[in-house]
Amino acid sequence: MSSSSTTTTTTRLLMLKASDGVTFEVEEAVATKLGAINNMVEEEGSEDLICLPNVNGKFLGMVLEWCKKHANNNTNSDKGNDEVNKWWDKEFVMDLDQNTLYHLLMAADYLSGTELVDLLTEKVASMIRGKKVEEIRETFKIKSDFLPGQEEEIRKKNSWAFE
Amino acid sequence: MANRVKIAKLEAEPETAAASKFMSSTATVTDDLLLEIFVRLPNPRSAIQCSLVCKRWFSLISCPEFRRDFVHRRHDHQRPFTALSDRLPLCQLFSEKSEITRQCGKTIGYGDPCWISQLLLEKSKSKSKSKSTSLYEQPIRGGYGDIVSSFHDLLLISYSLKDYYICNPLTKQSVALPAPPVQCWPEHIKLVFEHPSCPDKRAGCSCGFSDSRFRVLLFNHRIDDYLFCSETGQWSRVILPFNTAGRWIFSSVAPCNGIFHFLDEKDKKLIAFDPFEDADNSPDRCRSIDLPVLSGAPHNKIERRLGVVRNQ
């Protein structure tokens with residue numbers, strides 16, 4: 001195959017290997033939605049096997065699923081693309097449990113999937129929105145580590161926010 | 001026994017681990033990611049509430065960089081009214097009381113009594129004024145007031161010739177200044193803040209008065225000039241290193257970076273006066289900067305002043 005220099009997009013396949021040894025075969029156009037992989041591809045060029053020791057196979061799979069959807073929808077010159085992407089994103093994060101959300105976020109961050117990080121942080125923010133302090137702690141199972149009195153002091157200082 | 005407890009804890013971990021890992025003080029989520037999350041909160045109220053969740057969240061949300069990003073993000077996303085928001089980006093944060101925001105959008109004028117009264121009436125149940133020398137924050141007082149000076153996001157508001165408050169429209173808190181020793185026209189009073197922790201002056205994060213030092217300069221045509229010092233809580237006479245009598249157009253004073261800048265009409269110079277430098281004779285207290293030739297016409301004066309504030 002000597003046609004690699006032609007302008008038509010050749011669908012090069014990359015092998016991504018997760019921390020638990022699971023490998024994924026994905027098109028370059030899909031994997032390069034992730035900044036980190038895009039960099040690797042640009043730097044190393046010929047290397048087709050990419051090891052990702054920080055990402056578990058389960059979550060890498062989900063990240064790639066997201067990439068695939070977005071890569072596909074972007075190549076479509078359909079006008080309603082944004083809408084489709086939005087709808088799909090909504091579905092994607094809708095029923096995520098915190099554990100998955102956490103690991104996805106870490107994976108997306110590690111792989112520099114900026115858009116996905118945006119989506120996931122937005123999801124977390126939506127879990128915080130409209131909740132009272134105690135409810136947020138409850139949701140994320142966080143224990144207050146303020147010293148006695150400290151919390152009260154901050155509350156007083158910003159009393160306008162707690163009316 | 002101790003071992004057993006440990007094991008029990010370890011076994012219990014898988015259920016709660018992810019959740020607590022997510023956000024707590026020991027969480028493995030990076031600060032950057034947490035900030036990405038916080039910056040998506042709908043309003044300052046929500047952010048402040050979050051800051052109470054744990055120490056780590058508190059320190060992240062309290063940092064000036066975050067507040068700057070937070071404000072800017074909102075600023076970029078929605079520009080309901082331009083003239084006012086250019087001056088007071090935080091006004092948009094009144095969105096919780098959207099009625100006020102809309103009214104602001106109509107009136108546009110900066111220092112417009114109409115606008116400020118709407119702002120103030122929102123919070124009309126005022127507490128009685130403080131008589132002591134120590135300043136404490138209180139809800140913004142209701143009634144008519146006039147913005148006489150502003151610095152970053154803080155406004156110096158006058159209710160009468162003796163009654164001055166510094167207020168923060170974001171937090172709706174204010175501090176009352178003790179009555180000045182002499183009466184003067186409100187436009188002769190200027191406010192300047194020092195923000196040691198906040199080097200980026202675009203930040204717009206001046207939320208608490210108690211943490212910042214500030215000076216209010218009252219300059220008087222004929223008699224003495226006075227300087228109010230936030231640490232002592234008192235007015236004191238100040239000898240300005242130049243003769244104020246009749247030389248100043250008062251609109252051309254620009255408080256900026258903790259320094260008052262005066263436009264000296266006569267000598268065509270910009271004079272920088274640092275009210276935080278305590279020694280009267282310190283050479284650092286006052287500098288004079290030559291102006292480019294353009295500064296003569298009144299129109300240029302006004303533009304120059306704005307330029308100084310924005311571009312430091």
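Residue numbers begin at 1 in each chain, while the letters A, B, ... track the order of the sequences.
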About how many Å separate [atom2] of [Y] and [atom1] of [X], when rounded to the nearest 0.5 Å?
{"X": "Ile37(B)", "Y": "Thr121(A)", "atom1": "CD1", "atom2": "OG1", "value": "6.0 Å"}
{"X": "Glu151(A)", "Y": "Ser51(B)", "atom1": "CD", "atom2": "OG", "value": "9.5 Å"}
{"X": "Ile128(A)", "Y": "Phe38(B)", "atom1": "CD1", "atom2": "CZ", "value": "5.5 Å"}
{"X": "Ser46(B)", "Y": "Ile136(A)", "atom1": "OG", "atom2": "CD1", "value": "6.5 Å"}
{"X": "Lys55(B)", "Y": "Ile154(A)", "atom1": "NZ", "atom2": "CD1", "value": "9.5 Å"}
{"X": "Thr30(B)", "Y": "Tyr110(A)", "atom1": "OG1", "atom2": "OH", "value": "14.5 Å"}

Is the number of heavy atoms from other residues, nucleotides or ligands under 6.0 Å of Glu153(A) CD greater than 12?
no

Does atom CD of Glu135(A) have more than 12 heavy-atom neighbours, drawn from other residues, nucleotides or ligands, at distances under 6.0 Å?
yes

Taking distance alone, no hydrogens or angles, what donor-acceptor pairs closer than 3.5 Å link side-chain atoms of residues 51-62 of chain A to residues at least two apart or in another chain?
unit_1	atom_1	unit_2	atom_2	d
Asn56(A)	OD1	Lys58(A)	N	2.7

Answer key: most heavy-atom pairs under 4.5 Å with chain B among Lys131(A), Lys132(A), Arg155(A) is Arg155(A)

Between Gln150(A) and chain B, which part of the residue has a heavy atom less than 4.5 Å away: side chain, backbone, both or neither?
side chain

Decide yes or no for Val53(B) and Phe140(A): does some side-chain heavy atom of the first lie under 4.5 Å from some side-chain heavy atom of the second?
no

Does any part of the side chain of Val124(A), heavy atoms only, come nearer than 4.5 Å to the side chain of Glu36(B), both counted from C-beta?
no

Pairs involving residues 117-126 of chain A, ordered by first then second residue, that meet salt bridge (charged side-chain N to carboxylate O under 4.0 Å, His left out) (sequence neighbours left out)
Asp118(A)-Arg40(B), Glu122(A)-Arg129(A), Glu122(A)-Arg40(B)

